[in-house]
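Sequence lines set the chain letters: A, B, ... in the order given, protein chains first and strands last, and positions in each chain run from 1.
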Number of protein chains: 2
Amino acid sequence: MSKATIKDVARQAGVSLKTVSRVINNEPTVRTETREKVQEAINNLGYQPDMAARNLRGATSYAVGLVYDNPNPYYVVDIQQGVLKCCRELGYGLQIHPCDAASPQLIDELADLVLHSRLAGLVLAPPISENDDIVQALADRGIHVVRIVSGAEAPGGPAPAVHVNDRAAAYALTDHLVQLGHRRIAFLSGEEEHRSTPERRAGYEAALRAHGLPVDPALILPGRYTFDSGFNRTQALLAGTDRPTAIFGCNDEIAAGALAATRANGMTVPGDLSIAGFEDSPFSRQSSPPLTTAAQKTEAIARQAMLRLIGAMRPHTTEDMGAGPEADVFVPNLIVRPSTGPVTSR
Amino acid sequence: MSKATIKDVARQAGVSLKTVSRVINNEPTVRTETREKVQEAINNLGYQPDMAARNLRGATSYAVGLVYDNPNPYYVVDIQQGVLKCCRELGYGLQIHPCDAASPQLIDELADLVLHSRLAGLVLAPPISENDDIVQALADRGIHVVRIVSGAEAPGGPAPAVHVNDRAAAYALTDHLVQLGHRRIAFLSGEEEHRSTPERRAGYEAALRAHGLPVDPALILPGRYTFDSGFNRTQALLAGTDRPTAIFGCNDEIAAGALAATRANGMTVPGDLSIAGFEDSPFSRQSSPPLTTAAQKTEAIARQAMLRLIGAMRPHTTEDMGAGPEADVFVPNLIVRPSTGPVTSR
DNA sequence: AATAGACTAGACAACGTTGTCATAATCAAT
DNA sequence: ATTGATTATGACAACGTTGTCTAGTCTATT
């Protein structure tokens, strides 16, 4: 009924409490023979260390926090899943912490969280992870942090980071559109606070330039990562004189909005207009036609972030679990679906 | 830098550790004067009890688990939010636990979770909450549980429950369609494991009967809570001879699929066909036209569930926070949007 | 005025683990 | 064989809190 403790294991293995503790924590100074004896007792009793006691005693703790303020539940759930799985592998607890990125007390709030929940560190998801002030302030307070950020490579900032190369993926997606013959491709931005926006835009511009095409500022529209934002901007575009032949929505919701506006205008996709999104959310799969998009492996990214966080604090814990630094950069995959097609002559 | 402990509070207030503990836990046997003195010291030092120590010592613990296996991230995030907020109010920790409802080891897995994470209890979300075998097995093992279930009233089962009266809401939605003149209304079911499916269907049938309309089995189609399921069944319906004039999708994803299929068939909504969904997810708001649906207050439901769980264990903790038993039944609200309209003569 | 009962408060141990320090066992080199 | 260094193990305290038990202080009743 009741759970086995380290004491039970020690008794069964015929060793002291401390020796069992050493085996559990993979400390080197245990004879192989002893280690095996203890391991057997552990397996035998189905022993698992008690988090509460562990956290209480040590300078070290076995729980991390996941901090996010992301409007996209699909993303949030994926990130949670990835971090949680990794926590279970490593024997860590997870404290989720949705919050308000704009709150002026956010830093204090997070510092409090770490203190009171005895967290070993924090995994920061975008856009909070991309706010250097916050990350720096946390680092200054001695809080271990890992960031999930949009960007091609390690900026060597105040904290370890896992990177999503949105730029390269946006380049590939734009290239795909150009290959289809599109010359006037509108870019519907998301919030500038999300670094993914300027990154994706940079990839879009780079691809145009690589093909010797002009970057027309009139086709690059500011906005938000929402359906409505995509809808409204597309209506404005279509009402204008020099219409684009393709639209690159900075995420799938924007693209879904663009799709709805296009159809509301009596136009067909991709016949009259090609539309592409980003993120491979269900919106992109369930619209008609399904949207061309770029898929990021959110769960794997979250897992890698977790490994980096723990690895920074206890290198031996995560040995052989995550590969070297090259594993820290993820490039979303282009997924071509029917919403993009060859440009048609008017 | 370091956090204040009960010791610091005791010293500042000039009382013993135990007295501070009594104040924190709202135990009755403390003189008002003493209580105030202690409270002042607590506020002064910004003291918050340490979860790890609390959980370690007592027979009682201050953390709960949230168990779910729900394919809908919008729902999951809302539930999390509601439970988490309530946890913070009550000073509880939250352990999220996504899992596989079909796993044969689920019961052991949950029992282990409770034991090893020292959880005071579990909040069960649908569909796991609606599996009586699981709930009963957990109750038999002495695990405190609260269920969020679809159904009109307390069944007096093995565990306290919060109810979502899908039946009444489905009745209202169906009534709305009938009022618009619809006589042939198809019902696209979700998974039968989710009790919401038979409940909503019961409401649909009851409304038809109340208006003296026949319940045609050919119009009640089994299926799943997915876009594709809605799409395919609608195509089949529209290919048939005796078409319905309205479709009631058991959730918004089904309805969105139905909408896509309808348009793929060259028909207009609501002109040729009215479509209604359920749940008020973003799908219903962002489709064109937006879908008539029924909105459940998921966050409030989650909060109430949490209150019931804690209330069952420590009645005095939740006094005055949640109202009486009548607060345990929630009826989703009908939201009328453009996807439903008066039936047109053919 | 004495005393039972209720109320209030404190001393102390205990929860399960790890950090510190001491000690025992082993080994290499003289 | 003895020393010295190294490795392997154990005894004990401590983390911050609450449960148990005891003792002191009131109030009410006789």
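A salt bridge links B:Arg141 with B:Asp108; the closest basic N to acidic carboxylate O contact falls under 4.0 Å.
Within 4.0 Å (heavy atoms only), B:Arg35 reaches no atom of the nucleic acid at all. As judged by a 4.0 angstrom heavy-atom cut-off over every strand, A:Tyr47 is placed among residues touching the sugar-phosphate backbone only. A:Thr29 comes within contact range of at least one nucleobase, with a heavy-atom separation under 4.0 Å.
Pairing each heavy atom of B:Leu94 with each of B:Gln80, the nearest pair is CD2-O, 4.5 Å.
Below the 3.5 angstrom threshold, one finds a donor paired with an acceptor across the side chain of B:Arg22 and the base of C:dG10.
Bracketed by its first and final contacts, the part of DNA chain D lying under 4.0 Å from non-hydrogen atoms of chain A reaches from D:dA8 to D:dG16 in 5' to 3' order.
Mapping B:Arg57 and B:Lys18 onto DNA chain C by nearest heavy atom places B:Lys18 closer to the 5' end of the strand. Comparing B:Ala53 and B:Arg31 along DNA chain C, the residue whose closest nucleotide (by nearest heavy atom) sits nearer the 5' end is B:Arg31.
Residue A:Glu40 qualifies as open at atom CD: its count of foreign heavy atoms under 6.0 Å is 12 or below. The environment of NZ in B:Lys37 is crowded: more than 12 heavy-atom neighbours from other residues, nucleotides or ligands sit within 6.0 Å.
The shortest distance between side-chain heavy atoms of B:Ile96 and B:Tyr68 falls below 4.5 Å.
Note: NZ (B:Lys7) to P (C:dG10) measures 16 Å, nearest angstrom. Rounded to whole Å, the distance from CD on B:Glu27 to P on C:dT8 is 12 Å.
The list of salt bridge (Lys or Arg N to Asp or Glu O under 4.0 Å) pairs with a residue in residues 112-124 of chain B, not counting sequence neighbours, reads A:Asp50-B:Arg118.
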